[in-house]
Amino acid sequence: MGGPLSGITVVDVTTNISGPSLTMILADLGAEIIKIERPDNGDDSRAMGPFWEGEGVYFLHINRNKQSMVIDLKQESGRQIVYDLVGQAEVFVENFRFNKCKQLGLGYDKLKEINPSLVYCSLSAYGQEGQLRERPGYDAIAQADAGLMGINGSEGSEVSRIPVSILDQGSAMWGAIGIISALFHREKTGEGQLVTTSLYETGVFWMGYHMLSWIVTGKEPEKMGANHTAFAPYGAFQAGDGLLMIGISNNSLFKKLCGVLGKLEWVEDPRYKTNPARVENMKELAIKIENILQEKTADEWVDLLARGGVPSSKIKRVSEVANDEQAEAVGMWSNLAHPEISDFKLPRLPFSLSESPVSIRKVPPKLGENTMDILERAGYSEKRMRNLLEKGAIQGILKVKG
């Protein structure tokens, strides 16, 4: 059986990271993604290095399971192709700046006229309302605006962004959830609808705990590094040969930690007996813990702590995670036959479905690889396709029959 979204066609005019990440989720769930790219250069992420046999790794990661068309959306004949495709599709996704799609003739109201049951998703930087809605925005900009960057890092450290595109990919997740919800509504009622999300909204939502804490206490959250504002001991600790992450969130776990460290007397110590007391004395407690951890390697402590029921891990480098036995055990990597890249593999979506598999079936497409095939399936004649090629409204290779 195919994925749960098999039979769903998505017209995708997104570029960069957020939009393509959203449609990657839909693609891995089985939807047919018609990725529309601009002439000559295509998606911006195609040029984002480093490069794997000439292919940008950003693009490779988030554009599997898609078909690529090159269409000049500035030309009327190019937009007409989109209208024809939308008429046969279930979903349309865009991540242009506010109102750009409307200016191109691809706004929600226009496409709804063509296909009233269409689910239209707009993923933007700041949302559909407010004075910032027309601003361009990238992941790091939204991290700054939503407050994430202000609490990232350790006390006294320089300002730093979270070093993954957390709001690009986070807003992609919310957009995908919104689209799937709208498709469920469509299945019941026949109605399409507009789905909106943004990097900023995602960031503000994920800051919810910290904002509620500020409302309650009136105190700005401190930079905690690997530590936690609400629990202790919870953070990074220096072992004999490297850093170790330990997470203690309740008294039961603290007792187990004390048992492994040979310090059961701490359990009844008034400074450490309760979690609020441990948070108040976290720095002093951390020094005591590290003095003991110096006696063994990080690997030795992880083994001892695991046997004692204490959550812990080495703080791993990317190279260690890429070759991690656990990642292999849960099948996080999908191996694919790529025409130009040997030993090509990509990380799968981080969930599984028992009856309708989520899978990576196709390597990322070459620019315009599927233009002609898609137009032919849409009913375009060879003559019409040739005319569009000559006008520069599309790019691709016309296969002459006969």
Side-chain angles (χ1 to χ4, degrees), residues 9-24 26-27 31-49 51-89 91-97 100-101 103-107 110-111 114 338-341 344 361-402:
T9 298
V10 179
V11 178
D12 172 11
V13 297
T14 67
T15 187
N16 219 309
I17 307 299
S18 62
S21 294
L22 190 166
T23 54
M24 173 196 69
L26 304 180
E32 177 190 15
I33 310 297
I34 299 174
K35 180 179 180 66
I36 295 173
E37 302 185 65
R38 64 174 180 267
D40 301 323
N41 298 318
D43 188 329
D44 288 339
S45 67
R46 286 186 181 274
M48 294 180 185
F51 297 93
W52 195 353
E53 298 298 335
E55 301 280 355
V57 293
Y58 271 96
F59 183 86
L60 289 173
H61 174 47
I62 57 178
N63 286 285
R64 71 273 192 111
N65 287 340
K66 300 179 184 180
Q67 304 170 75
S68 171
M69 293 186 78
V70 173
I71 301 177
D72 186 353
L73 298 178
K74 295 178 181 178
Q75 292 195 36
E76 184 178 345
S77 54
R79 291 192 294 276
Q80 183 58 52
I81 297 171
V82 178
Y83 299 153
D84 292 339
L85 294 173
V86 163
Q88 302 173 27
V91 178
F92 179 88
V93 186
E94 62 94 1
N95 69 335
F96 289 110
R97 287 174 63 176
K100 179 67 174 178
C101 251
Q103 293 167 4
L104 285 170
L106 299 174
K110 173 64 177 179
L111 298 193
I114 297 169
H338 193 286
E340 296 169 0
I341 303 174
F344 183 66
R361 304 170 302 280
K362 182 180 180 296
V363 299
K366 294 291 186 181
L367 181 61
E369 177 182 330
N370 310 105
T371 302
M372 301 309 176
D373 291 336
I374 294 169
L375 289 177
E376 187 175 2
R377 292 201 306 270
Y380 280 54
S381 66
E382 182 180 316
K383 180 180 179 182
R384 187 176 179 187
M385 288 189 282
R386 190 180 299 280
N387 180 259
L388 289 166
L389 277 171
E390 291 171 354
K391 288 200 257 184
I394 61 172
Q395 288 179 2
I397 300 173
L398 185 61
K399 300 171 185 176
V400 181
K401 297 179 181 180

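Just the heavy atoms: all of them, side chains too, but no hydrogens, waters or symmetry mates, feed the values below.
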#### Entry: Atom of Pro365, atom of Asn370 and distance for their closest heavy-atom approach
CB-OD1, 4.0 Å

### Query
Does any donor atom in the side chain of Asp84 or Tyr380 lie under 3.5 Å from an acceptor atom in the other side chain?
yes

### Query
Is there a donor-acceptor contact under 3.5 Å linking the side chains of Ser45 and Asn16?
no

### Task
Indicate yes or no: at least one non-hydrogen side-chain atom of Phe96 is less than 4.5 angstrom from one of Thr14.
no

#### Entry: Lys/Arg N to Asp/Glu carboxylate O, Glu390 vs Arg386, below 4.0 Å
no

### Message
Measuring only between side-chain heavy atoms, which start at C-beta, is Pro364 closer than 4.5 Å to Phe344?
### Response
yes

### Query
Can you find a pair of side-chain heavy atoms, one from Leu398 and one from Leu389, that are under 4.5 Å apart?
yes

#### Entry: Asn65: partners by side chain to side chain donor-acceptor pair (under 3.5 Å), with sequence neighbours left out
Asp28

### Query
Is there side-chain contact between Val13 and Phe92, with heavy atoms separated by less than 4.5 Å?
yes

### Task
Answer whether the closest heavy-atom distance between the side chains of Ile81 and Gln75 falls below 4.5 Å.
no

### Message
Which heavy atom of Pro20 sits nearest to which heavy atom of Asn95, and what is that distance?
### Response
CD-ND2, 4.3 Å

#### Entry: No-hydrogen, no-angle side-chain donor-acceptor test under 3.5 Å, Lys366 and Ser68
no

### Query
Only one of Glu55, Lys35, Glu37, Lys362 forms a side chain to side chain donor-acceptor pair (under 3.5 Å) with Asn63, so which one is it?
Lys35

### Task
Given salt bridge (Lys or Arg N to Asp or Glu O under 4.0 Å), test Asp43 with Lys66 step by step and report yes or no.
CA-CA 13 Å; Asp43 188 329; Lys66 300 179 184 180; over 6 Å; no

### Task
Applying side chain to side chain contact (heavy atoms under 4.5 Å, CB included), run through Tyr83 and Leu111 and close with a yes or a no.
CA-CA 7 Å; Tyr83 299 153; Leu111 298 193; 3.9 Å; yes

### Message
Run Ile33 and Gln67 through side chain to side chain contact (heavy atoms under 4.5 Å, CB included) and show every step you take.
### Response
CA-CA 6 Å; Ile33 310 297; Gln67 304 170 75; over 6 Å; no

### Task
Taking only Lys NZ, Arg NE, NH1 and NH2, and the carboxylate oxygens of Asp or Glu, determine whether Glu32 and Arg377 approach each other closer than 4.0 Å.
yes

#### Entry: Side chains of Asp40 and Gln395, donor plus acceptor under 3.5 Å
yes

### Summary
Looking only at heavy atoms, the pair that brings Ser21 and Ile17 closest together is OG-O, 2.7 Å

### Task
Please report the shortest heavy-atom distance between Asn41 and Arg46, naming the atom on each side.
O-CD, 3.8 Å

### Query
Nearest heavy-atom pair of Ile341 and His338: which atoms, and what distance?
N-ND1, 3.2 Å

### Task
I would like to know whether Met69 and Leu375 meet side chain to side chain contact (heavy atoms under 4.5 Å, CB included); could you show each step before the answer?
CA-CA 9 Å; Met69 293 186 78; Leu375 289 177; 3.7 Å; yes

### side chain to side chain contact (heavy atoms under 4.5 Å, CB included) assessment of Asp12 paired with Ile34
CA-CA 6 Å; Asp12 172 11; Ile34 299 174; over 6 Å; no

### Message
Can you list everything that forms a side chain to side chain donor-acceptor pair (under 3.5 Å) with Lys100? Sequence neighbours excluded, please.
### Response
none

### Query
Is any side-chain heavy atom of Ile71 less than 4.5 Å from a side-chain heavy atom of Pro39?
no

### Message
I'd like to check Ile394 versus Val70 (side-chain heavy atoms, cut-off strictly below 4.5 Å). Are they in contact?
### Response
no

### Task
Could you tell me which residues satisfy side chain to side chain contact (heavy atoms under 4.5 Å, CB included) with Gln88, sequence neighbours excluded, listed by chain and number?
Ala378

### Query
Taking C-beta and beyond as the side chain, do Val82 and Leu106 meet within less than 4.5 Å on heavy atoms?
yes

### Task
Mark yes or no for whether Arg79, through its side chain, and Gly105, through its backbone, hold a donor-acceptor pair below 3.5 Å.
no

